Every structure is written in structure tokens, then in C-alpha cells.
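This report concerns only the one structure given below.
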Amino acid sequence: MKEMKDNKWEIPSPTQMKQELKSRKDVRHLRTLTFVSSSFDGGLSIEMLGDCKYRVGIHVPDISYFVKPNTPLDMHAKRRAMAVHLTNHTIPIWPSEFLSTLACFNNTNDYLAYSVFLVVNKNGAMLRQEESPWFGRTVVTPRARLCGKDVARLVNTDPHLEKDYPTSSSSSLLSNKDVDLDVVSDVRQLYAIAQKRQMQRTALAAKEPSLSQLCFVMNDDQMSSIVDTNDIEMQCLIGELTMLANKQVAKQ
């Protein structure tokens with residue numbers, strides 16, 4: 001699109017970010033986790049509040065900072081309405097150049113975000129209290145980027161086996177090896193809450209094992225093989241928590 005060629009899309013400079021912080025909630029201290037997922041470009045965070053209460057944060061890139069109302073790019077995105085994921089390719093809602101630089105949290109920079117904060121109990125039930133739910137513009141700093149295998153390993157292995165944890169030398173992005181144990185704790189707590197919500201949402205989830213999700217491997221537009229994606233745990237974690245956030249946003 002011409003608008004893409006005429007603009008240089010860049011993350012705000014330190015000066016611009018400082019200005020943005022005057023009107024945004026600063027949540028850079030939270031351990032925001034991001035995931036290698038085609039269906040979720042945002043991040044999740046969790047804080048222990050005591051009395052078996054948790055504050056869960058669902059964060060997505062704040063596209064509105066870059067795309068102004070009624071511009072060609074805005075109107076084009078409205079016409080598309082959503083991304084379409086086909087077997088051999090994806091039709092995105094945003095141009096690929098925009099997606100790869102600004103519409104995802106792909107490293108440990110500070111990012112402009114739109115966040116939803118929800119207070120839940122250990123069973124995943126949402127608690128309505130002061131600032132819950134909370135919706136608004138924020139600034140986040142991703143702490144770790146995990147793939148499906150990472151999430152599965154963290155929630156299924158012995159919590160005392162440090163050698164099984166992802167480290168900064170793995171394929172995932174962990175910005176600081178010293179925070180690995182905190183990341184492990186966050187993933188486990190988020191997954192426990194998501195899993196309980198899934199069990200409550202559907203009786204089958206509590207009685208039957210989860211089915212594998214399959215991925216079609218393409219070669220010159222022809223399917224060459226079908227493989228197990230091994231990301232059931234990650235999809236449960238992302239799906240249940242974003243579903244809860246979307247439900248609360250829809251009520252506003």
C-alpha cells in the first residue's frame with residue numbers, strides 16, 4: 001500500500017516513550033510472557049495478590065498509536081475485519097511489514113500496548129473489585145518468548161528439575177537467565193487458571209484427554225506431511241485467558 005511506502009514505521013524513541021508514559025499505565029515491571037503463536041501477537045502476565053487471588057494481564061500491541069482513524073490503512077483493515085489462516089498461507093489484516101515490526105511483541109523492547117487486567121481466584125473465577133476489570137493503554141516490556149514445547153515442558157515436568165527449564169541458550173527468548181524460575185512459576189500459575197476455566201467451560205475437558213492439534217506441512221502448495229504441533233498447553237493457556245478478556249471487553 002502507498003501509505004506503507006510513505007511512512008517509516010518505528011517503535012517510539014526514548015523521548016517519545018517518555019511522553020507516552022504520562023498518559024499510560026507503566027507495567028514494565030511485570031514479567032510479560034509472549035508466545036510463538038500465529039493466533040496471538042500479544043502477551044500475558046500474572047501477579048500474586050494473596051488469599052489465593054491473582055491479577056492476570058492480557059496485553060496486545062496498541063495499533064491505534066500508528067494507525068490513525070480513517071486513514072487508508074485503517075479503512076483497509078476495516079474491510080478485511082480479521083486475519084484468515086489457510087492451510088498453506090495466511091491472509092493478514094495488516095500488511096506484513098507492519099506485523100513484523102509493530103503489531104507484535106517480538107523482543108525485549110518497551111512496547112505500547114492496550115491491556116486488560118482481571119482479578120481471579122485459584123479456580124479461574126473472575127472477582128469484581130476495585131480496578132477489576134481494568135482496561136487501558138499501557139507500556140509493557142516482554143520478559144520471555146516461549147514456544148509450544150517450552151510451555152508443555154514447564155507445566156508437565158518436575159518443578160525441581162532445573163535442567164528441564166528453557167534457558168537463554170534455547171530457541172526461546174529469555175532475556176535473563178536469572179529470571180527463569182520466575183518465568184516457570186508464572187507459566188504454571190497461568191496454565192493452572194486456564195485449565196480450570198477450560199474444565200468449567202466444557203465437561204469434556206475434565207473427562208477426556210486433549211486431542212492433538214495437527215499442522216499441515218506444505219511443499220510447492222502440495223501437502224507433504226501432517227505433524228503434531230505439540231502446543232495443546234499453550235493453546236489452552238492463550239485461548240482461555242484471551243476468551244475471558246474478550247468477554248469482559250464486549251460487556252463494556
Side-chain angles (χ1 to χ4, degrees), residues 27 30-61 82-83 85 105 113-136 138 140 142-157 159 166 172 182-214 228-252:
V27 296
L30 298 179
R31 287 185 297 275
T32 298
L33 310 179
T34 65
F35 304 89
V36 181
S37 170
S38 61
S39 61
F40 184 58
D41 296 318
L44 301 172
S45 63
I46 188 168
E47 303 168 84
M48 178 66 181
L49 302 180
D51 296 326
C52 296
K53 296 179 182 178
Y54 303 87
R55 181 181 290 112
V56 174
I58 301 92
H59 317 279
V60 296
M82 62 181 181
H85 300 275
F105 302 144
Y114 195 90
S115 302
V116 177
F117 284 98
L118 308 169
V119 175
V120 300
N121 62 20
K122 63 180 181 180
N123 294 317
M126 205 186 94
L127 305 176
R128 290 193 173 274
Q129 57 186 62
E130 186 177 356
E131 290 200 346
S132 178
W134 183 92
F135 311 88
T138 58
V140 304
R143 187 68 61 89
R145 187 168 180 81
L146 305 171
C147 66
K149 289 182 179 180
D150 290 333
V151 175
R153 189 186 313 128
L154 291 183
V155 302
N156 293 321
T157 56
S172 297
D182 291 330
V183 169
V184 171
S185 176
D186 288 352
V187 171
R188 286 176 175 272
Q189 290 176 343
L190 285 167
Y191 180 70
I193 291 170
Q195 189 178 46
K196 288 176 181 177
R197 288 198 60 83
Q198 185 185 65
M199 289 180 177
Q200 295 164 9
R201 186 172 56 83
T202 169
L204 289 177
K207 298 177 182 178
E208 298 181 358
S210 298
L211 298 176
S212 297
Q213 293 196 6
L214 302 180
D228 191 334
T229 60
N230 296 312
D231 63 356
I232 295 298
E233 293 86 354
M234 183 176 74
Q235 293 305 323
C236 170
L237 192 159
I238 294 173
E240 293 299 325
L241 296 178
T242 54
M243 194 184 306
L244 178 60
N246 288 340
K247 183 177 180 180
Q248 299 308 312
V249 170
K251 290 181 177 180
Q252 289 299 107

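No experiment lies behind these values; they were computed from the predicted model shown. Scope of the values below: all heavy atoms of this structure, side chains included, with no hydrogens, waters or symmetry mates.
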_Just verifying a value: how many Å separate R197 CZ and L244 CG, rounded to the nearest 0.5 Å?_
4.5 Å
*Of all the heavy-atom pairs spanning G42 and P61, show the shortest one and how long it is.*
CA-CD, 4.2 Å
_Which residues share a side chain to side chain contact (heavy atoms under 4.5 Å, CB included) with N246, sequence neighbours left out_ = none
*Roughly how far, to the nearest 0.5 Å, is CD of E233 from CZ of R153?*
11.5 Å
*Quick one: pull up OG in S37 and CD in Q235 and give me the separation to the nearest 0.5 Å.*
5.0 Å
*So, for Q248 and R128, which heavy atoms are closest and what is the spacing to 0.1 Å?*
OE1-NH2, 3.0 Å
*How many angstroms lie between CD in E240 and CD in Q195, if you round to the nearest 0.5 Å?*
10.0 Å
*So, do L146 and L154 sit near enough that their side-chain heavy atoms are less than 4.5 Å apart?*
yes
_Give me the atom names and distance for the closest heavy-atom approach of S115 to V140._
OG-CG1, 4.4 Å
_Side chains of L127 and V120, heavy atoms from C-beta outward: is any pair under 4.5 Å?_
no
_Using the ring pair (Phe, Tyr, Trp, His ring centres under 6.0 Å) criterion, which residues pair with F117? Sequence neighbours excluded._
H59, W134
*Any side-chain heavy atom of L190 sitting closer than 4.5 Å to one from L33?*
yes
*Check L118 against P133 and note the closest heavy-atom contact, atom names and distance.*
CD2-CB, 3.4 Å
*Partner set under side chain to side chain contact (heavy atoms under 4.5 Å, CB included) for M48, not counting sequence neighbours*: Y54
*Going by heavy atoms in the side chains, are L30 and E47 under 4.5 Å from each other?*
yes
_Donor-acceptor contact present, side-chain K53 to main-chain V119, <3.5 Å_ = no
_Restricting to non-hydrogen atoms, name the atom on A194 and the atom on C236 that form the minimum distance, rounded to 0.1 Å._
CB-O, 3.7 Å
*Do side-chain atoms of N121 reach the backbone of N123 as a donor and acceptor pair under 3.5 angstrom?*
yes
_For Y114, side chain to side chain contact (heavy atoms under 4.5 Å, CB included) partners two or more places apart_ = V60, F135, R137
_Under a 3.5 Å distance rule, please check whether R145 uses its side chain to pair with a backbone N or O of F105 as donor and acceptor._
yes
_So, taking the atom named CZ in R143 and the one named CG in D186, what distance separates them when rounded to the nearest 0.5 Å?_
9.0 Å
*For V36 and M234, work out which heavy atoms get closest and say how close.*
O-CE, 3.4 Å
*Measure the CD1-OG1 distance between I58 and T32 for me, rounded to the nearest 0.5 Å.*
11.0 Å
